[in-house]
Number of protein chains: 2
Amino acid sequence: MNRGFFDLDQDTMAIPSFSRIKCSDCPIRHRAVCARCDTDELETLEGMKSYRSYAAGEVILWRGEPLNFVASLVAGVASLSKTMEDGRTQMVGLLLPSDFIGRPGRKLIEFDVTATTDVTLCCFDRKPFEKLVDETPHVAQRLMELALDELDAARDWMLLLGRKSAREKIATFIDMLVRRSQGTEPLANTVIRLPMTRDQIANYLGLTLETVSRQFSALKKEGVVDFTDRRQFEIKDIVALQDATGDDSDGGVLS
Amino acid sequence: MNRGFFDLDQDTMAIPSFSRIKCSDCPIRHRAVCARCDTDELETLEGMKSYRSYAAGEVILWRGEPLNFVASLVAGVASLSKTMEDGRTQMVGLLLPSDFIGRPGRKLIEFDVTATTDVTLCCFDRKPFEKLVDETPHVAQRLMELALDELDAARDWMLLLGRKSAREKIATFIDMLVRRSQGTEPLANTVIRLPMTRDQIANYLGLTLETVSRQFSALKKEGVVDFTDRRQFEIKDIVALQDATGDDSDGGVLS
DNA sequence: GGCCCACTTTGATCTGAATCAACTTTGGAT
DNA sequence: ATCCAAAGTTGATTCAGATCAAAGTGGGCC
């Protein structure tokens with residue numbers, strides 16, 4: 001069964017069952033840090049790994065905390081965020097299944113990691129994992145690719161934060177959810193679940209929750225999207241949505 | 001002679017001389033991608049490298065252009081930027097000496113790379129460099145570290161773009177210049193050269209050039225900084241400056 | 001030396017999003 | 001079923017920074 005990235009949080013029941021999952025049956029097998037491991041290496045990982053679960057809202061790691069384990073996100077959504085002394089906060093990363101937590105050679109993390117929905121991690125103790133990285137070039141390579149993907153995402157996000165209007169930010173956010181869910185869903189259905197509250201979306205986009213709410217309302221009134229529920233909506237006019245993102249209309253196609 | 005990062009642009013004469021520099025005498029020897037290479041490996045690099053220079057304002061690479069070479073920035077300052085259809089632009093990276101251009105496994109770049117000041121690159125053709133990376137674990141490791149450093153910088157920047165006020169942005173920017181120059185300057189002198197125009201600073205910080213100018217004027221009037229020239233100023237009150245950044249007062253020190 | 005153009009500063013006005021403030025909806029606990 | 005807290009909506013007002021406009025300033029070039 002082919003679940004959307006954002007669906008698992010609804011059904012916490014499924015999570016404990018991961019403790020019995022074999023690497024070869026793992027849903028993120030082909031995208032995570034272990035993507036290019038062969039059968040032998042998978043065997044080694046099998047012996048090293050352990051699963052941990054966190055309920056929506058729980059903090060997985062605090063900023064500055066020593067990082068004793070690294071992990072792949074198996075199910076759910078987690079966020080990386082920075083908070084200023086006076087409480088202003090900004091999300092600086094959104095982790096989806098197959099994303100990696102922790103970095104080789106760094107003992108501390110520079111941001112809080114929080115479970116946005118219920119989350120399951122596949123954890124490895126730091127030391128043995130680092131040994132593995134040193135000895136297994138394709139794990140190191142995959143880690144590099146994941147880091148570069150994050151860097152690209154961070155840069156698109158910087159453009160959004162620095163230059164886009166509230167409307168463009170919201171449209172870009174929805175468009176991202178559409179693209180992400182099409183990776184798993186078989187394209188057809190345009191019903192999208194929001195993995196976060198209005199407040200979390202605001203922290204993601206550098207807005208306030210009131211502005212987020214108003215922009216959603218505006219897009220609804222214009223018939224671009226239709227909310228079936230406050231956490232679930234349907235895309236009515238994908239062209240209008242993409243126009244509203246402010247991004248290039250041709251997705252990088254050479255002209 | 002120990003030059004500041006931002007000084008070389010003044011004195012273009014020095015740049016062509018890099019073509020004769022040996023890796024072992026290279027100013028970025030210990031920080032660049034080659035940082036951990038041994039004498040033999042340096043020998044190999046010596047044979048592969050070539051220098052290129054760009055005048056301030058020249059575009060080094062256009063977005064979407066095939067990336068036939070990778071490079072280390074030897075001298076000067078370059079910027080990575082994204083531009084929207086209507087002309088709004090946002091810098092998404094600032095490259096200083098020892099920073100790396102190009103990524104293993106990616107043929108295209110997602111942003112423009114522009115020489116902010118006069119710039120000298122140490123270039124390697126793509127193919128042989130990738131072969132070297134595959135065969136030399138510590139080059140791959142160093143590349144990973146550089147990518148992770150960029151990612152950390154991008155995340156701090158996201159907090160700045162999403163949540164900081166114009167005043168905080170400017171103070172953070174100046175504070176960054178101070179920290180960077182202290183890496184090379186022997187700490188004492190507090191005269192800082194701006195490597196960019198007001199317009200470029202605005203694109204860096206997600207502001208307009210008028211707002212940048214006004215905030216500089218305000219900090220001058222308050223006696224926090226003193227401009228000797230429009231490209232050069234002196235820090236008069238570092239404590240007030242750091243207060244104005246909005247960042248934690250204790251630089252991550254455990255309390 | 002003087003002219004020109006790119007850069008910068010400063011002022012006046014406008015506006016999008018923040019802030020402040022009710023009020024409504026929803027879903028879970030009892 | 002009812003209550004309650006958390007989440008969301010909507011409206012009124014304010015304000016930081018954008019935009020529009022007009023002068024300064026200085027470095028490079030003939």
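Every chain is numbered from 1, with letters handed out A, B, ... down the list of sequences. What's counted below: heavy atoms across the whole structure, side chains too, no hydrogens, waters or symmetry copies.
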Most 5' of B:Leu209 and A:Ala166 on DNA chain C, judged by nearest nucleotide: B:Leu209
A:Arg63 side chain reached by A:Ile109 side chain, heavy atoms, under 4.5 Å: no
Spacing between B:Ile170 atom CD1 and C:dT9 atom C1', to the nearest angstrom: 14 Å
Test: A:Asp229 and A:Arg193 ion pair at under 4.0 Å: no
Range on DNA chain D touched by chain B, heavy atoms, distance below 4.0 Å: D:dG17 to D:dG26
Interatomic distance where NZ belongs to A:Lys169 and P belongs to C:dG16 [whole Å]: 14 Å
Salt bridge (charged side-chain N to carboxylate O under 4.0 Å, His left out) assessment of A:Glu150 paired with A:Arg155: CA-CA 9 Å; A:Glu150 272 190 273; A:Arg155 284 175 169 153; over 6 Å; no
Passing option when B:Arg163 is tested against A:Asp86, A:Thr89, A:Asn203 for side chain to side chain donor-acceptor pair (under 3.5 Å): A:Asn203
Single hit among B:Trp157, B:Phe216, B:Tyr204 for ring pair (Phe, Tyr, Trp, His ring centres under 6.0 Å) with B:Phe173: B:Tyr204
Salt bridge (charged side-chain N to carboxylate O under 4.0 Å, His left out) between A:Arg180 and A:Asp175, intermediate numbers included: CA-CA 9 Å; A:Arg180 283 282 201 169; A:Asp175 189 50; over 6 Å; no
Interatomic distance, B:Gln232 CD vs C:dC7 P [rounded to whole Å]: 18 Å
Aromatic B:Phe69 / basic B:Arg52 pairing, under 6.0 angstrom, 45° off normal: yes
Nucleic acid footprint by protein, nucleotides 18-30 of chain C - heavy-atom cut-off 4.0 Å, B for base, S for sugar-phosphate alone: SBB----BS----
Considering all heavy atoms, the nearest B:Ala202-B:Thr208 contact: CB-C, 3.4 Å
